[in-house]
Amino acid sequence: MLNLAIPLALACIGAALLLNFWRLVRGPGPADRILALDTMYVNTTALLVLLGIHLNRSVYFEAALLIALMGFVGTVALCKYLLRGDIIE
Amino acid sequence: MLDLLISFFLLIGGAFALIGSIGLARLPDLYTRLHGPTKATTLGIGGILIASMLHFGAQDNGPSVHEILITLFLFTTAPISAYLVARAALHLDRQEDGDRL
Amino acid sequence: MLLYALVLLPLIGSPLPALTARLAGRTAPVLTAAAISAVALLLALPPLAAAFAGAPMEAYHSWLPQAGLDLGLRMDGLGALFVLLILGIGLLVLLYAHYYLTKEEAVGRFYSFFLVFMGAMVGVVLSDHLLQLLVFWELTSLSSFLLIGFNHQRREARDGAAMALTITGGGGLALLAGFLLLGQIAGTYRISALLDMGDLIRAHPLYTPALVLILLGAFTKSAQFPFHFWLPRAMAAPTPVSAYLHSATMVKAGVFLLARLFPVLAGTEPWFFIVGGIGLLTLLYGAYHALFQHDLKGLLAYSTISHLGLIVLLFGIDTPLAAVAGVFHIINHATFKASLFMAAGIIDHETGTRDMRFINGLWGYMPRTAALAMVAAAAMAGVPLLNGFLSKEMFFAETLHLSALGPARGLVPLAATLAGVFAVAYSARFIHDVFFNGEPKGLPIYPPHEPPRFMRLPVVILVGQCLLVGIVPGLTVAPFLALAAGDMLGTPLPDYSLAIWHGFTTPLAMSLAALIGGLTLYAARQRLFAFHRQRWPSVDALVLFQTALDRLAAMARRLTRLVANGSLQQAIALVLLATILAVYWPLANTPSSITGPVRFSSIDGLTLTGALLMMAAAMLAVYWHRHRFTVLVALSVVGLMVVLAFVRFSAPDLALTQLAVEVVTILLLILALFFLPRRGQSKSQPPRRVFHLLLALAMGTAAGLLTWGVLTRPFDSIAAFFLANSLPGGGGANVVNVILVDFRGFDTLGEITVLAVAALGIQALLDNLCLEAGMVEGIPDRWADERHILVLSLITRLLLPLALLVAIHFFLRGHNAPGGGFIAGLVSAVALILQSMASGIAWTRQQWRAGYRPLIAWGVLITAATGAGSWLFGHPFLTSAFGHVRLPLVGELELATAMLFDLGVALAVFGVVMLILETLGNLNQRCAETRKGGA
Amino acid sequence: MNRWLPQPLTSLCLWLLWLLLTESLAPGHLLLGGLLALALPLFTVRFCPDRPRIHRPLLLLPYLAVLLWDITVANLVVARLILGPARRLRPAFIELPLDLGSDLAVVLLTHTVSLTPGTVAAHLSPDRRVLLIHALDVDDSAELVAHIKQRYERPLKEIFAC
Amino acid sequence: MNHWLMMPLLVPLVAAMINLLLGGRRMGCQRLVSLACSVGLLAGSIILMGFAHSGEMYVYRLGDWPAPFAIVLVLDRLSGLLLVTTALLALPCLLQAMDGDDGRGLHFHVLFPIQLLGINGAFLTGDLFNLFVFFEILLIASYSLALHGGGPERVRAGLHYVVLNLIGSALFLLAVGTLYGLTGTLNMADLAGRVAAAPTDQAALLRASGLVLLVVFGLKAGILPLHSWLPALYGSALAPVAALFAVMTKVGVYAMLRAATLLFPPQGPVGGTLAALLPVLALLTLATGAIGALGAQRLRTLIASLVILSVGTLLAGIGQFTASGFSAALYYLPHTTLVTAGLFLLAEPIGGQRGDLEDRLDTGPPVGRPAALGLLFLMGGVAGAGLPPLSGFIGKLLLLRSAPLPDGTWLWGVVLGSSLLTLIALSRAGSRLFWGPVVDTETPTPAGWRPLLPATLLLAASLAMTVAAAPICRYTEATARQLLTPRHYIEAVLNPAPPGGTP
Amino acid sequence: MEALAACTVAVLVTCGVYLLLRARTFSVVVGLSLLSYAVNLFLFFTGRLLGKAPPLIGSTAGDEAPLADPLPQALVLTAIVIGFGMTAFVLILALRARGELGSDHVDGKEDEA
Ligand code: NA
Ligand code: NA
């Protein structure tokens with residue numbers, strides 16, 4: 001069962017990443033791209049957890065946590081730039 | 001039985017993540033696109049995390065609960081990300097309107 | 001020892017005149033210099049006696065066999081003759097110079113240079129070692145450079161000195177090559193040893209190149225055609241310098257060298273044709289041109305060239321008697337030419353000019369000087385009863401026996417006579433045009449007077465010598481000549497007699513013809529001058545030389561700019577081209593396949609997706625490179641995919657690090673973006689873009705090929721050791737971390753040092769910098785009004801403790817699971833930066849006022865101290881220790897020095913990131929304040 | 001108490017989070033987590049100068065339960081909207097007047113709005129009186145406003161007593 | 001184990017960090033610390049050279065792990081010589097900087113010791129990746145030092161330097177990666193053995209990585225097509241910095257020498273290519289330096305060209321792969337380092353007096369204090385152009401003698417031709433700077449001997465190297481022999497004597 | 001997989017180099033970043049592509065797959081950190097250059113692009 005579910009889930013996330021990237025390329029505005037990037041970060045978090053299950057390894061948890069954290073920081077920074085230019089004024 | 005449950009959550013998670021991204025890809029403007037990732041994707045992650053908890057919890061080194069941390073974190077930050085993106089888009093749109101006027 | 005003292009005395013004593021000048025005015029320096037010269041002359045007497053006794057004094061010490069450098073001095077007859085000339089005439093010139101030099105001139109410096117030159121010259125003639133001779137040789141070039149350029153306010157002096165140095169210095173380099181070659185042939189550089197090896201050397205295939213190189217050195221120094229042109233220009237030197245260097249000593253160094261190496265090099269066809277030919281050409285060329293100089297010293301300079309040519313020709317003729325004649329003429333020319341230069345200097349001194357067109361009739365103003373000068377000029381012309389006559393007579397005689405030339409043998413005597421004719425003519429001009437020929441016209445100093453008596457004294461002595469030698473050669477010069485010529489040839493001298501009267505011989509006829517022809521020529525000078533002006537349009541060698549040098553320099557500049565043109569793009573392209581060659585050339589030249597024997601592993605869909613995304617994002621970054629903001633987004637995607645790749649191939653530590661670094665980098669880029677100019681960049685030219693694309697493709701392919709080549713080959717690495725020893729020896733299950741803090745902890749220490757210095761460098765770069773904020777196209781003109789967003793700042797404040805908790809978690813588990821000090825430091829830094837982004841850097845700083853620089857310093861110091869701590873236990877730097885402690889209640893606890901090491905790393909990294917971001921953040925604050933203050 | 005334990009609630013949360021993070025109830029971790037939970041707030045308290053006051057913390061639990069349920073529903077709704085024909089969507093911006101005195105409450109409401117069906121918070125007016133919401137598919141904007149005020153704002157007012 | 005080997009690394013590191021702790025306000029203390037560090041380094045380096053002089057290889061196993069697994073430091077005669085050269089150079093440079101240049105930007109007294117740390121580390125390490133790390137340390141310090149003082153010219157030159165070296169670092173990693181991927185080791189001694197024993201189908205890849213390393217080291221050394229950053233950088237940096245940088249190119253040369261003798265000896269497939277390539281590159285670089293010197297319009301550019309020329313000369317010696325060639329290069333190395341540094345230091349007081357002319361080689365009013373400055377310049381010029389009697393001449397002599405004719409024809413031609421061009425360039429420069437029409441305007445003249453002391457010290461080193469030529473040559477000859485028998489190095493690193501046998 | 005790895009490195013290097021050759025400081029910085037990604041990946045790959053290798057000793061019970069080569073990972077880690085410092089430095093240097101030279105052209109002049 002798992003042997004089927006995991007690849008399927010992986011495929012879903014992979015497809016999601018591709019779709020995100022497509023949005024990132026298309027834009028049209030900078031906000032669209034930030035959104036796409038942010039979603040990629042979130043999907044990657046999912047992917048890492050999934051990989052952990054797939055390879056039966058719990059060590060990827062920290063990486064997933066960190067991706068979530070860093071994705072958030074990146075999004076904040078990019079948006080802040082659009083809003084104020086100087087992100088740490 | 002457990003495998004089934006895990007698979008269920010995995011598939012739910014994967015599906016919702018995909019749906020969120022589909023929304024991002026196909027909805028017509030930024031504000032509508034925002035809805036996909038903020039909700040669907042978040043839930044997608046939730047599903048996968050539950051699956052992970054079940055999976056690793058079932059193994060012999062004790063319950064696996066630290067996935068809750070990621071869930072909490074994502075639920076805290078995703079709305080802010082959405083808020084900021086919307087805020088930025090609003091600002092840019094206003095700017096353009098201002099220019100046009 | 002005496003010989004060393006003789007050489008070193010002037011050299012070591014040379015600073016004295018300059019020093020005494022500072023203390024005791026004008027007279028002290030010359031007295032010092034004269035005293036030194038006189039003592040040197042006294043020192044020369046015992047070895048002179050030894051030379052006469054047939055047992056030359058010598059000293060030889062081995063010094064630097066690797067460089068072939070030994071110390072060797074030897075004073076045989078030839079050397080003794082030159083030493084006497086150098087020191088004797090030097091003393092006279094010193095006396096003369098004292099009166100010649102005006103008060104304003106830095107006399108001390110002059111005498112110092114003079115002594116250096118004198119010492120170097122003595123060194124040249126006494127050296128018993130080729131390379132040591134060369135050392136002194138170059139020293140004469142250098143000191144003459146300083147002496148010629150002594151009046152450096154005048155352009156001619158500066159340029160003349162530079163030209164002289166260039167020519168003689170260049171010749172010196174050729175000479176160096178020649179000497180080295182000679183040494184290579186003979187296996188020794190010792191001259192006295194070489195003198196016996198002439199046959200061996202002349203038979204060696206490298207003989208001709210060595211000869212040519214040595215002759216180049218000799219000819220440039222002795223102003224032989226076509227290297228003669230520096231000598232007239234060196235007349236910009238003060239006249240004592242000309243009298244000393246350009247008549248008696250330095251220019252004689254070249255002919256000395258020919259004499260010295262005569263037994264080694266002479267006696268072959270190349271020698272005969274090159275030396276003889278060049279000598280003959282120079283003889284004629286100098287004699288002809290001397291006649292047309294209006295400058296007194298110019299006339300003397302060309303005459304010197306001509307006489308040097310004569311001596312060289314004599315050495316080229318290559319018979320023992322010719323050699324004797326050559327040595328004899330060296331002596332004679334030194335005496336009469338030195339006195340003539342001094343006379344010319346007196347005239348210059350008293351009239352303020354050296355132009356013969358203005359100087360006339362000085363007989364009426366300074367008869368004593370005139371008389372002396374006329375006698376010397378007559379000697380120069382070869383008038384009987386004067387020394388010049390004798391050696392010229394011998395010269396004429398020798399030109400008659402050139403059987404080697406076959407049918408053309410008659411030409412040489414003819415040419416010699418012709419040169420004699422011109423010599424008589426220019427001597428006649430010197431006498432008539434200066435001392436007679438009516439009244440002086442428009443002299444700067446009028447009326448001219450006799451010089452001070454003691455200024456004339458050296459001239460009197462030298463002219464007296466001309467007369468004595470000319471009249472009673474046998475009583476005066478004969479023993480010296482025999483000694484010198486004998487030691488030069490190294491064989492018994494043939495019979496010859498130094499007599500005024502040999503009967504009516506062909507040489508006498510030639511002399512008479514020259515005298516009569518010369519006077520006639522001078523009488524008809526008007527027509528000849530007109531002819532000369534037509535034929536020899538006045539070309540200034542100096543101007544030509546300068547132009548040539550300037551052109552050369554300009555060409556050098558162009559060549560230099562061909563590679564280093566100040567364009568970074570070109571420099572990068574060159575580096576890349578070199579690399580591309582470095583990769584492709586071996587690959588193309590080796591038959592073996594680039595693909596190795598290892599079987600390939602299969603691709604899965606996820607990896608493929610990640611790789612495709614990574615490549616696409618990279619290409620997107622290129623496609624968008626003019627839209628800076630968008631590039632950042634693309635770059636983030638690449639970074640994210642790299643993280644994924646690290647996870648995919650089992651490197652969680654790398655993934656964590658890459659992630660944290662990635663975000664901080666993006667933050668920095670965004671911060672920097674704010675300050676970059678608004679204007680987007682223009683596109684570059686299509687051909688250039690295509691070239692760059694090709695270069696990029698080639699480089700990319702090269703890297704790809706290397707990857708492919710490596711990955712398809714079997715692998716046997718030292719990794720097994722780490723895997724085996726990590727837990728038992730390093731106390732950690734996370735091998736990567738154990739490598740970082742233990743096996744290769746030294747790298748880590750270096751790495752945080754790099755980080756620390758980068759941060760400090762950044763702080764230094766931003767010091768005193770103020771930038772206008774620029775923006776990027778597509779991004780608004782106006783910023784939003786809201787400085788801080790409530791939603792964000794509130795949440796981030798709540799998240800801070802959580803993030804720090806995570807950081808501590810990473811730190812504590814690092815040794816056994818992914819994490820470690822580096823990641824902990826980065827995560828906590830990011831947590832604090834998040835506060836800055838949400839609430840402003842000023843606010844954040846208010847809440848927490850730690851100094852980041854001390855943090856960095858302590859971090860590095862803790863890390864280093866952990867390493868050094870192992871010394872206490874007698875182990876090498878960075879030896880780790882770990883142990884398990886059982887605590888009540890808590891349980892077993894692992895304590896490792898690696899933890900302390902990692903703590904230092906964490907502190908340093910945290911401090912570095914915070915320092916960088918804070919400095920950059922403050923930039924805008926400060927600039928805003930400056931702008932406000934300015935407005 | 002206040003000096004050594006400035007934020008008891010935060011400390012408790014941190015302690016729990018530490019145990020979550022390490023997935024261990026070993027005495028060593030209990031102790032270490034406790035130490036950290038005590039030490040970290042000492043440092044971070046400076047970053048929270050105006051500490052939020054939660055009047056009735058226990059009421060948070062039912063609120064969160066409602067929220068979790070709504071999130072699940074939201075996803076199903078949004079999934080249908082996303083996968084359905086885009087032309088049928090009726091997106092709109094809606095201004096939600098706020099009546100909350102606490103910043104934390106406002107932030108929580110913003111979060112709630114963003115996580116629940118078809119709405120995303122887009123802009124909070126600087127005076128914190130109006131929240132601009134973007135809704136994916138709006139029938140009646142007044143009804144939506146009333147719904148949000150009733151279902152989320154009211155409990156929040158109770159919790160934060162404002 | 002001989003803990004002295006850590007001294008050249010730890011002393012500057014600790015000094016730098018103490019200075020960082022002292023902060024910007026306590027300049028006096030910082031100077032004191034830097035000075036103590038430099039003096040200590042000099043003393044320690046001389047002690048280390050004394051150790052190395054015995055001919056024994058000193059291997060320091062960091063972390064007490066066996067080679068080839070962890071990092072080792074290796075002290076042989078070559079390292080000893082270069083350590084001493086660096087320390088000898090550093091002290092006068094520091095003295096000069098303490099005349100005020102150190103305050104013209106932030107953190108000078110942190111950057112300076114770190115620069116020395118990087119250089120010393122590069123000379124001592126026996127591990128290829130650790131060499132990369134030390135390269136980065138010396139580079140990052142040099143970036144900041146090059147930019148110390150600011151100003152458009154410095155920043156432009158610095159930007160080019162930084163970007164090029166970042167590319168160089170990437171290429172270094174590419175080469176290291178290839179070598180590791182093929183041989184599975186990073187220890188240079190181990191690498192030497194594994195490269196020699198590599199299967200033939202790896203020859204092409206190994207050769208490629210060797211050549212990429214050559215590009216990397218060549219970029220640092222400033223060989224022909226890779227030198228374009230050098231004149232601008234050295235021409236714009238502050239005098240003490242430019243002087244210190246005289247040794248930076250030698251780090252590149254050192255790395256080439258090490259790689260060419262240890263990793264890729266000329267008998268092997270990789271080394272064969274290197275040995276064929278090196279002499280050509282050397283002569284081209286030599287000529288480039290000479291041409292650059294002739295074309296230079298500023299004194300500092302001229303001296304920078306002399307640096308390029310010196311690299312060419314060094315490689316010309318090294319490229320022969322004979323004991324006499326190595327020995328010539330190794331004698332020439334400290335000479336040229338110290339003399340060019342002295343000239344850089346001298347350019348400062350000369351250019352400083354000429355107002356707007358600065359150090360441009362145009363005729364202007366003659367420089368004040370012509371006696372002292374002129375004498376020093378003359379010494380520098382004579383030594384720099386390789387004229388007798390100073391050390392440059394001896395170096396040139398050693399080099400020429402190491403390549404007898406007719407094989408050495410090209411070398412002789414290029415070396416002597418370059419000498420001529422240099423002679424012309426230096427005499428033109430000297431006469432334009434020191435000789436000229438006297439103008440009444442008073443130019444500010446530096447007073448006292450203090451500002452000229454560092455330059456005097458450096459140029460006096462040339463004199464000292466002349467006087468002490470015989471012992472120095474004996475040392476360099478021994479060094480050359482040691483380099484030509486890499487077996488000893490490899491054995492010392494990989495097969496240590498049983499414990500208790502050696503210190 | 002080997003081909004994919006080689007291809008990825010090649011593309012990243014190509015893109016990085018092309019950007020390096022642009023005349024603007026910002027492009028150069030981005031190019032350097034791409035180049036350093038490529039080099040880090042390459043260095044990482046030299047430990048070979050062991051997709052299923054466990055990263056830690058004893059991280060999973062009964063794992064018979066060989067452990068990944070940890071040495072390249074440690075090297076890459078060092079390289080990443082150093083690369084970060086260098087990128088930060090060159091970025092700030094670009095700012096300084098803009099301040100001193102008034103332009104973000106790498107040669108500090110606008111005449112040629
Ligand atoms: Na006249
Ligand atoms: Na250890």
Side-chain angles (χ1 to χ4, degrees), chain B residues 12-13 15-44 46-47 53 56-57 61-91 93-94, chain D residues 13-14 16-26 29 64 67-68 70-94 106-125 131-138:
Chain B
I12 289 287
F16 273 97
L18 183 58
I19 290 170
S21 296
I22 291 175
L24 177 71
R26 88 179 261 269
L27 291 177
D29 63 68
L30 179 99
Y31 303 103
T32 52
R33 277 175 217 143
L34 260 178
H35 292 266
T38 26
K39 288 185 233 0
T41 308
T42 321
L43 189 75
M53 282 168 76
F56 287 109
N61 23 5
S64 180
V65 284
H66 59 196
E67 284 86 350
I68 297 175
L69 216 56
I70 297 186
T71 321
L72 272 177
F73 186 80
L74 276 178
F75 276 58
T76 318
T77 56
I80 299 181
S81 302
Y83 178 87
L84 286 173
V85 172
R87 181 79 187 73
L90 277 173
H91 175 65
D93 283 352
R94 255 178 233 161
Chain D
C13 289
L14 284 177
L16 289 175
L17 286 173
W18 180 258
L19 297 178
L20 262 180
L21 206 54
T22 54
E23 294 189 314
S24 162
L25 288 172
H29 276 302
L64 288 178
L67 189 60
L68 216 59
D70 286 356
I71 289 172
T72 319
V73 176
N75 273 290
L76 293 171
V77 173
V78 170
R80 191 174 47 78
L81 289 174
I82 287 172
L83 296 175
R87 225 173 296 140
R88 268 202 5 225
L89 293 179
R90 290 162 295 174
F93 277 105
I94 298 164
V106 173
V107 170
L108 269 179
L109 186 65
T110 317
H111 266 72
T112 310
V113 165
S114 291
L115 288 170
T116 48
T119 49
V120 171
H123 184 37
L124 180 67
S125 69
L131 184 65
L132 186 69
I133 296 174
H134 185 266
L136 193 53
D137 187 35
V138 193

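Here is how names work: the chains are called A, B, and so on, in the same order as the sequence lines, proteins then strands, and each is numbered from 1.
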Run the numbers on His111(D) and Ile80(B) for side chain to side chain contact (heavy atoms under 4.5 Å, CB included), then give the verdict.
-> CA-CA 7 Å; His111(D) 266 72; Ile80(B) 299 181; 3.6 Å; yes
Can you say whether Thr22(D) sits under 4.5 Å from chain B via the side chain, the backbone, both, or neither, judging by heavy atoms?
-> neither
Which residue out of Ile68(B), Val65(B), Leu84(B) racks up the most heavy-atom pairs below 4.5 Å with chain D?
-> Val65(B)
Can you check whether Phe93(D) reaches Leu90(B) side chain to side chain, under 4.5 Å on heavy atoms?
-> yes
Cut-off 4.5 Å, heavy atoms of chain B, and the answer for Ile71(D) is side chain
For Leu19(D), is it the side chain, the backbone, both, or neither that has a heavy atom closer than 4.5 Å to a heavy atom of chain B?
-> neither
Looking at Ala79(D) and Phe16(B), what are the two nearest heavy atoms and their distance?
-> CB-CE2, 4.1 Å
So do the side chains of Val120(D) and Tyr31(B) get within less than 4.5 Å of each other, counting heavy atoms only?
-> no
Could you tell me how the ring of His134(D) sits relative to the ring of His35(B): parallel (under 30°), tilted (30 to 60°) or perpendicular (over 60°)?
-> tilted
With Leu43(B), the side-chain contact (heavy atoms from CB on, under 4.5 Å) member among Leu76(D), Asn75(D), Val78(D) | Asn75(D)
Could you tell me which portion of Thr112(D) (side chain, backbone, both or neither) has an atom closer than 4.5 angstrom to a non-hydrogen atom of chain B?
-> neither
List the atom of Ser114(D), the atom of Pro79(B), and the distance in Å for their closest heavy-atom pair.
-> CB-CB, 3.7 Å
Of the non-hydrogen atoms in Pro91(D) and Thr32(B), which two are nearest, and what is the gap between them?
-> CB-CG2, 3.7 Å
